[in-house]
Amino acid sequence: MGKGFFISKTLGIVGVIVGTGVVATIIALSVVYSQEKAKINEAVNPPTTPSTPWEHYRLPDSLSPVSYNITLWPRLVVNASTGLYIFTGQSAVVFQCKKDTDLILIHANKLNLTLLSLISRDGATAPTIKKSWLEVPTQFLVIQLNSNLMAGRQYELYTEFIGELADDLGGFYRSEYTEGTSPPVRKVVATTQMQPVDARKAFPCFDEPAMKAVFHMTLLHAHGTVALANGMNLSKHGTLALDVTRTSFQPTPLMSTYLLAFVVSEFGFIQSPEGEKIRIWARKQAIAEGQGDYALEKTGPILEFFENYYSSSYPLTKSDQIALPDFSAGAMENWGLITYRETALLYNPASSSNGDKEWIATVISHELAHMWFGNLVTMKWWNDLWLNEGFASYVSYLGANSAEPTWNVTDLIVLKEVHGAMSVDALASSHPLSAKEEDVMRPAQISELFDTITYSKLKCDLISPQTYLNTFKYSNTVYQDLWKHLQMAADSTPGLDLPASVDDIMNRWILQMGFPVVTIDTATGSINQRHFLLDPDSVVDRPSPFKYEWIVPIKWIKNGKDQTPYWLQTKTATHLPMKTLGSDWMLANTKVSGFFRVNYDSSNWDRLLTQLSTDHEVTAIPVINRAQVVDDAFNLARARIVSTILALRTTLFLQREREYMPWQTADRNLGYFFLMFDRSDVYGPMQAYLNKQVTPLFNHFKTITADWTKIPEKHTDQYNQVNAISIACSTGVAGCEELTTGWFKDWMKTPENNTIHPNLRQTVYCSAIAAGGVKEWDFAWRMYREASIASEADKLMYSLACTRVPWLLNRYLNYCLDPEKIRKQDATFTIVYIAGNVVGSNISIMHLSDVNTAVIHSNVYIPNGTLIPI
């Protein structure tokens with residue numbers, strides 16, 4: 001799944017506010033609430049040891065699916081008798097009996113079963129049904145038989161059922177949008193999100209990743225609508241008696257239930273010149289406006305890149321990609337029918353920024369990477385979800401880089417993935433990448449794995465991935481299978497000398513949580529490692545089989561020149577080449593090639609910072625490491641390993657820095673301190689200091705953009721122009737607020753003509769709303785409500801949280817509870833944005849506390865936070 005994926009995953013996507021104090025408090029409050037609610041439930045219903053098979057959450061190994069034949073009919077109008085949107089369905093699943101048994105367990109959730117029958121596929125008489133029921137806690141349809149199913153035989157279970165086409169963003173669900181203006185017409189879409197365990201809400205199925213089968217899909221749908229599924233449509237004909245169309249699709253390859261997708265809508269599409277292999281689907285207005293053109297232009301090259309990268313042809317005959325108005329994740333890699341948030345697929349040059357364009361390219365790349373790594377070869381169980389997501393997150397940048405080579409997006413992996421993962425993995429509440437199967441059983445435990453650690457901690461390229469893919473295609477694996485193939489590739493690679501087996505090295509990174517801080521004493525060459533914790537007083541109660549020690553690959557430079565890499569294999573070691581003399585300096589973890597933080601003796605810190613401050617071109621230290629020095633120092637200061645003064649000294653060189661990565665890293669880390677000290681007497685001096693540092697950057701961009709009349713050519717310069725304006729306005733740089741408020745007032749005078757460049761809109765909106773009052777806020781809210789382009793709506797949604805008027809923030813928080821005002825998929829984002837506002841921090845905490853209290857007392861269900869995948 002694409003990022004954006006529930007709160008932790010959302011924050012992995014939002015990125016800019018992961019790790020700030022207030023957001024951490026919001027998350028902590030949510031976690032505490034969840035824990036307290038769990039305690040209440042356990043007090044009422046104490047957990048017991050399962051005494052029957054249907055009380056377990058995992059399927060027994062007695063049955064294995066072969067194929068499904070499914071017909072579904074979603075109603076896109078309200079049912080008159082129930083007042084609900086519903087769907088009806090029929091399913092015939094053929095399964096192989098592996099062991100004699102008189103019990104059928106198959107997943108079903110929130111379905112009303114109206115017919116149930118069992119036949120034998122070989123002509124023999126099938127056992128008769130003794131009793132059947134839905135076991136709600138474990139989400140099983142339980143069927144007890146009067147005699148045994150026989151090992152080696154195939155049987156067919158037929159069911160008919162009714163389900164609700166709810167707006168809960170899971171399973172077979174309903175999305176809505178309006179079309180036209182006089183008057184606007186409400187349209188309904190029937191769509192799906194099966195991952196991780198919601199296929200069972202659409203039809204009875206063996207809903208586990210290893211239970212792969214072939215799926216034959218048929219959809220009944222109203223005339224004037226179009227039906228899509230994983231396979232290309234085979235036939236389409238009207239059913240006059242029912243006034244509906246019946247569309248059947250090509251059978252799928254052998255695949256897991258969580259990759260199923262089907263959609264019924266009135267959408268339009270565009271397709272690749274070679275025909276139907278690649279199609280982009282969206283609202284007809286969006287297609288007519290050309291919002292799908294960029295996705296269509298880049299999907300083909302990215303798909304071709306992965307075919308070459310994997311040395312394997314795309315496994316299917318077509319690739320449909322569809323943008324949905326309501327979608328909980330960033331995107332979902334359904335095989336042959338990839339579903340997206342509108343912001344992750346649709347691009348409008350008139351209103352979408354370069355960041356929007358990059359997001360679309362990387363999300364498309366992430367999902368297409370899954371077509372092989374995740375779909376063709378799938379993890380056996382959810383405890384190894386990182387096998388799917390971690391690798392896809394990494395190679396998504398490679399695919400995007402192939403489509404947009406001038407952007408150099410591979411350099412941004414550290415900023416957008418590694419730093420965010422580190423901020424979460426440095427907590428005592430973190431978790432290993434890979435868990436034990438028995439520790440991940442319930443749906444809630446599975447959902448918890450979709451977080452920034454799973455998606456972003458792994459940052460490695462695979463050697464010869466084709467051998468792994470060819471061996472396990474259309475089947476399932478565990479992480480040991482990957483290690484075996486990596487070891488084979490390593491053994492056959494000349495010049496690759498590992499200090500231990502792949503198994504020994506990698507298990508320390510996936511079977512224990514966290515990562516080390518490596519401290520290097522350049523006076524002696526001594527090196528030591530220890531588990532890095534952002535809060536040094538926190539208690540780690542999760543045992544580690546490796547005692548929180550890692551085998552650490554250290555790439556390093558001395559005086560700007562590459563040195564022979566060193567492997568730290570023990571808690572302490574000595575590497576004499578790391579000793580320095582005189583004014584020599586060294587820097588470890590070049591290009592942030594390893595997942596660890598670095599600390600030095602005070603003398604090397606001094607020499608390193610002198611190098612940064614005196615070398616005006618800062619060419620000796622790569623730009624990625626200039627960002628790394630800042631990020632390491634500030635996080636070491638928060639962990640009380642180095643002083644805050646040292647951390648602040650790492651920002652002195654910014655007066656001469658013009659690159660994006662160091663400035664973005666500094667802004668993110670300084671933001672934490674501004675939130676912490678906004679009511680103290682050091683806030684003023686901090687503002688003045690940052691004002692002094694950013695003024696040269698602000699003037700630089702004023703010059704190269706000809707007094708803000710054009711946009712820089714370089715991709716990251718466009719990002720840094722935004723930083724220059726945002727930081728300058730927030731710290732009172734002369735002329736900045738007048739600039740942004742002037743642009744915003746011009747827009748208010750002519751709402752139909754927004755001349756603010758898309759790259760600058762979010763920061764201009766935010767600055768103007770922060771400087772303004774009710775008039776500016778109400779105008780932005782009206783523009784948000786009228787926005788027909790999702791990326792523009794997102795910019796306004798963020799900026800509305802920038803107001804300094806408390807009652808407006810409180811009103812905005814209340815809007816989050818009304819899906820007619822803020823879509824359910826966006827509510828969590830909005831709360832997090834408000835929490836990042838100094839004025840809104842306490843309001844958010846109090847609001848969330850009140851909502852949680854109401855939920856506890858009323859037992860009303862509130863969906864988990866959205867997102868965050870790619």
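Given the structure is predicted, the values throughout are model-derived calculations rather than measurements.
If you take CE on Met232 and NZ on Lys277, they are separated by 11.0 Å, rounding to the nearest 0.5 Å. Between the CZ atom in Arg174 and the OH atom in Tyr85 there is a gap of 5.5 Å [rounded to 0.5 Å]. In this structure, the separation between CZ on Arg153 and CG on Asp122 is 5.0 Å, given to the nearest 0.5 Å. Atom CG in Leu368 sits 5.5 Å away from atom OG in Ser319 (nearest 0.5 Å). Separation of atoms CG (Leu220) and OG1 (Thr247) is listed at 8.5 Å; rounding is to 0.5 Å. Note that NZ of Lys187 and NZ of Lys284 are 7.0 Å apart. Values are rounded to the nearest 0.5 Å.
Looking at heavy atoms from C-beta onward, Trp382 lies out of side-chain contact with Asp384 at the 4.5 angstrom threshold. Inter-residue side-chain proximity for Glu342 and Ile789 is flagged as unmet; no heavy-atom pair is nearer than 4.5 Å. With contacts defined as side-chain heavy-atom distances shorter than 4.5 Å, the pair Met194/Phe262 qualifies. Using a 4.5 Å heavy-atom threshold, the side chains of Leu260 and Phe203 count as touching. Side-chain contact check for Leu103 versus Pro53: some heavy-atom pair is nearer than 4.5 Å. A heavy-atom distance below 4.5 Å is not found between the side chains of Ile162 and Leu111. Looking at Trp281 and Asp320, their side chains come closer than 4.5 Å, going by heavy atoms from C-beta outward. Using a 4.5 Å heavy-atom cutoff, the side chains of Leu113 and Pro204 are in contact.
Here the closest non-hydrogen pair linking Thr252 and Ala213 is OG1-O, 4.1 Å. Residues Gln96 and Gly152 approach most closely at NE2-O, 3.0 Å, considering heavy atoms. Glu156 approaches Val94 most closely through the heavy-atom pair OE1-CG2, 3.9 Å. Phe140 and Trp54 get closest at one heavy-atom pair: CD1-O, 3.8 Å. For Asp207 against Pro196, the heavy-atom pair with the smallest separation is OD1-O, 4.5 Å. Taking both residues in full, the closest heavy atoms of Leu345 and Ala323 are given as CD2-N, 3.7 Å, listed atom of the first, atom of the second, then distance.
Gln445 places a side-chain N or O within donor-acceptor distance of the main-chain N or O of Met441, the cut-off being under 3.5 Å. A donor-acceptor contact shorter than 3.5 Å is absent between the side chain of Asp198 and the backbone of Lys201. For the pair Arg283 (side chain) and Ser788 (backbone), a donor-acceptor distance under 3.5 Å is present. For Tyr314 (side chain) and Lys318 (main-chain N/O), a donor-acceptor pair under 3.5 Å exists by modelled atom type. When atom types are taken as modelled, the side chain of Asn476 and the backbone of Pro209 share a donor-acceptor pair closer than 3.5 angstrom. Judged by distance alone, with hydrogens and angles left aside, the side-chain atoms of Gln90 form no donor-acceptor pair with the main-chain N or O of Thr71 at under 3.5 Å. Panel note: side chain His221, backbone Thr225; a donor-acceptor pair is recorded below 3.5 Å. A donor-acceptor pair is defined here as one N or O able to donate and one able to accept, closer than 3.5 Å; such a pair exists between the side chain of Asp326 and the backbone of Glu176.
Glu55 and Tyr57 form no side-chain donor-acceptor contact under 3.5 Å, judged by distance and modelled atom types alone. For the residue pair Thr218 / Ser248, a side-chain donor-acceptor distance below 3.5 Å is found, with atom types taken as modelled. Side-chain contact of His107 with Glu208: a donor-acceptor pair under 3.5 Å is absent, judged by distance alone. No side-chain donor-acceptor contact under 3.5 Å links Ser67 and His216. A donor and an acceptor atom, one from each side chain of Arg442 and Thr138, are nowhere located under 3.5 Å apart. In this structure, a donor-acceptor pair under 3.5 Å is present between the side chains of His223 and Thr245.
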Assess whether salt bridge (Lys or Arg N to Asp or Glu O under 4.0 Å) is satisfied between Glu820 and Arg186, documenting all intermediate values. CA-CA 12 Å; Glu820 292 295 319; Arg186 183 180 294 272; 3.6 Å; yes

Could you walk me through whether Asn230 and Asn334 pass the side-chain contact (heavy atoms from CB on, under 4.5 Å) test, one step at a time? CA-CA 7 Å; Asn230 300 84; Asn334 315 300; 4.3 Å; yes

Would you sort out whether Lys212 and Thr378 count as a side chain to side chain donor-acceptor pair (under 3.5 Å), showing the intermediate values? CA-CA 10 Å; Lys212 291 191 171 186; Thr378 312; 2.9 Å; yes

Does the side-chain contact (heavy atoms from CB on, under 4.5 Å) test come out yes or no for Phe206 and Thr257, once each step is laid out? CA-CA 8 Å; Phe206 297 93; Thr257 50; 5.9 Å; no

Residues Asp61, Lys98; criterion side-chain contact (heavy atoms from CB on, under 4.5 Å); working and verdict: CA-CA 7 Å; Asp61 60 359; Lys98 300 292 186 181; over 6 Å; no

Give the C-alpha distance, both sets of side-chain angles, the deciding distance and a yes or no for side chain to side chain donor-acceptor pair (under 3.5 Å) between Thr317 and Gln250. CA-CA 10 Å; Thr317 59; Gln250 288 178 337; 3.2 Å; yes

Check step by step if side-chain contact (heavy atoms from CB on, under 4.5 Å) holds for Gln195 and Glu333. CA-CA 9 Å; Gln195 192 185 49; Glu333 65 269 19; 3.8 Å; yes

One pair to check against salt bridge (Lys or Arg N to Asp or Glu O under 4.0 Å): Lys821 and Asp826. What are the steps and the verdict? CA-CA 10 Å; Lys821 291 184 169 68; Asp826 297 323; over 6 Å; no

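For Trp335, the ring-ring contact (aromatic ring centres under 6.0 Å, His included) criterion is met by no residue, not counting sequence neighbours. With sequence neighbours left out, the side chain to side chain contact (heavy atoms under 4.5 Å, CB included) criterion links Ser62 to Pro60, Lys99, Thr101. Residues passing the ring-ring contact (aromatic ring centres under 6.0 Å, His included) test with Phe215, sequence neighbours excluded: Tyr68. Qualifying ring-ring contact (aromatic ring centres under 6.0 Å, His included) partners for Phe267, counting only residues two or more places apart in sequence or in other chains: Tyr177. Listed by chain and number, the residues in a salt bridge (Lys or Arg N to Asp or Glu O under 4.0 Å) with Asp439 amount to none (sequence neighbours excluded).
Each of Arg279, Glu367, Gln321 was scored for a side chain to side chain donor-acceptor pair (under 3.5 Å) with Thr299, with one residue passing: Gln321.
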Distance-only criterion, 3.5 Å: show the donor-acceptor pairs between side-chain atoms of residues 141-149 and protein atoms not counting sequence neighbours.
from	atom 1	to	atom 2	distance (Å)
Asn146	ND2	Thr128	OG1	2.8
Asn148	OD1	Asp102	N	3.2

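The aromatic rings of Tyr455 and Phe450 sit tilted relative to each other, their planes meeting at an angle between 30° and 60°.
Between Lys824 and Asp167 there is a salt bridge, since a side-chain N of the basic residue sits under 4.0 Å from a carboxylate O of the acidic one.
Taking the centre and axis of the six-membered ring of Trp73, the NZ or CZ atom of Arg246 falls outside the cone set by 45° and 6.0 Å.
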